[in-house]
Amino acid sequence: MGGQWVYSTKLKDERFSVDCIVFFGKVRVIQFVVDTGAMFTCCNYKSFDKNLRVEDLKGCQVKIIGGFIEGDGVKFYKYRLQQFTIGNIDLHAQDIWITFDKRVKETILGMDILKQVTFVANAFTQEIYFCKDKDDYSIVNSSFL
């Protein structure tokens with residue numbers, strides 16, 4: 001598959017997971033579950049920095065998000081990443097939502113970030129393709145034909 005800004009991942013355990021590079025003072029590669037039903041990209045703070053404390057997020061926007069724990073609302077904090085990259089597609093600085101609630105185990109890539117790229121699922125190959133622009137989408141689309 002050719003495009004400079006095309007990235008793909010295969011279905012595993014009935015889920016699409018994608019490696020993302022995040023930078024927030026340290027560079028980390030974190031695996032996110034692709035969730036088109038989630039409005040927000042969110043995770044537990046330990047995915048990024050085990051030393052982070054609630055006090056470090058004073059002044060950050062707070063949101064109660066449901067759907068993680070049997071309908072219970074979970075408190076999340078808006079957290080600014082200096083860089084967020086899906087595979088090889090750099091989306092520059094992005095906001096995500098982090099929680100200190102130990103019940104949250106998933107690292108979710110939601111529509112707030114997904115809407116910035118084009119993504120296509122191929123049922124035949126069990127892959128999802130991420131494209132940065134229309135030229136790369138054209139490459140992926142022509143390979144389906």
Side-chain angles (χ1 to χ4, degrees), residues 1-52 56-57 60-145:
M1 175 93 28
Q4 178 179 351
W5 303 112
V6 176
Y7 176 75
S8 68
T9 186
K10 286 199 169 278
L11 187 67
K12 183 180 177 190
D13 299 327
E14 299 301 315
R15 304 177 113 179
F16 286 111
S17 295
V18 60
D19 286 335
C20 297
I21 301 167
V22 298
F23 178 71
F24 54 95
K26 298 177 188 176
V27 175
R28 293 206 198 287
V29 177
I30 299 172
Q31 194 168 72
F32 283 80
V33 173
V34 177
D35 188 344
T36 59
M39 290 177 60
F40 304 106
T41 298
C42 44
C43 63
N44 191 288
Y45 78 99
K46 289 182 179 180
S47 298
F48 292 93
D49 186 351
K50 293 178 183 174
N51 297 315
L52 192 64
D56 298 331
L57 301 177
C60 289
Q61 185 179 346
V62 175
K63 184 180 291 282
I64 304 298
I65 302 174
F68 279 92
I69 316 297
E70 299 175 6
D72 286 351
V74 175
K75 187 176 189 178
F76 283 86
Y77 298 84
K78 194 176 205 177
Y79 191 69
R80 183 77 168 172
L81 297 174
Q82 295 161 312
Q83 178 185 347
F84 191 95
T85 303
I86 299 174
N88 59 346
I89 302 171
D90 183 5
L91 298 174
H92 308 291
Q94 296 291 319
D95 292 326
I96 63 165
W97 295 87
I98 61 173
T99 186
F100 292 86
D101 191 319
K102 295 175 185 173
R103 301 174 298 170
V104 175
K105 307 273 189 243
E106 301 272 70
T107 304
I108 302 295
L109 181 59
M111 288 305 297
D112 55 342
I113 291 180
L114 286 170
K115 70 183 178 188
Q116 299 174 51
V117 297
T118 298
F119 54 97
V120 180
N122 183 329
F124 299 112
T125 63
Q126 300 288 294
E127 290 180 288
I128 190 168
Y129 301 92
F130 296 90
C131 309
K132 179 64 176 169
D133 57 33
K134 67 181 174 95
D135 294 331
D136 289 326
Y137 174 72
S138 296
I139 292 167
V140 170
N141 195 34
S142 67
S143 71
F144 287 157
L145 301 175

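This structure is a prediction, so every number in the text was calculated from the model and none was measured.
At a threshold of 4.5 Å between non-hydrogen side-chain atoms, the residues M39 and K63 do not count as touching. Counting only heavy atoms from C-beta outward, the side chains of D56 and D49 never approach each other to under 4.5 Å. A heavy-atom distance below 4.5 Å is not found between the side chains of I65 and T99. Looking only at side-chain heavy atoms (C-beta outward), I30 and C20 stay at 4.5 Å or farther from each other. Annotation: side chain of I98 is in contact with side chain of C43 (closest heavy-atom distance under 4.5 Å). Two residues are said to be in side-chain contact when any heavy atoms from C-beta on lie closer than 4.5 Å; F119 and T36 meet this criterion. The shortest side-chain heavy-atom distance between V18 and I128 does not fall under the 4.5 Å cut-off. Between K132 and L91 the shortest side-chain heavy-atom distance falls below 4.5 Å.
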Task: side chain to side chain contact (heavy atoms under 4.5 Å, CB included) assessment of T85 paired with F23 - done: CA-CA 9 Å; T85 303; F23 178 71; over 6 Å; no
TODO: Could you walk me through whether F76 and F40 pass the side chain to side chain contact (heavy atoms under 4.5 Å, CB included) test, one step at a time?
DONE: CA-CA 10 Å; F76 283 86; F40 304 106; over 6 Å; no
Task: Steps toward side chain to side chain contact (heavy atoms under 4.5 Å, CB included) verdict (L81, F48) - done: CA-CA 10 Å; L81 297 174; F48 292 93; 4.1 Å; yes
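The shortest non-hydrogen separation linking N122 to F124 is OD1-N, 2.8 Å. Here the closest non-hydrogen pair linking G73 and I64 is CA-CG2, 3.6 Å. In terms of heavy atoms, G87 sits closest to I21 at O-CD1, 4.1 Å. Listed here is the closest heavy atom pair of Q126 and F16: O-CE2, 3.7 Å. The minimum heavy-atom distance linking T41 with G110 is given by the pair OG1-N, 3.0 Å. Contact detail for L52 and F100: the closest heavy-atom pair is O-CE2, 3.6 Å.
With a 6.0 Å radius and a threshold of 12 heavy atoms from other residues, nucleotides or ligands, R15 has its CZ atom at or below the threshold.
Atoms CD and OH, on Q61 and Y77 in that order, are 12.5 Å from each other to the nearest 0.5 Å. A distance of 11.0 Å separates NZ in K75 from CG in D101, rounded to the nearest 0.5 Å. A distance of 12.0 Å separates CD1 of I108 from CD1 of I113, quoted to the nearest 0.5 Å. With rounding to the nearest 0.5 angstrom, the CG atom of D112 is 8.5 Å from the CG atom of D95. Separating the CG atom in D72 from the CZ atom in R103 is a distance of 5.0 Å, to the nearest 0.5 Å. Put simply, NE2 on H92 and CD on Q82 are 14.0 Å apart, with the number rounded to the nearest 0.5 Å.
Test V22, I96, T107 against S47 for side-chain contact (heavy atoms from CB on, under 4.5 Å) and you get one pass: T107.
The ring of F84 has its center closer than 6.0 angstrom to the ring center of F32.
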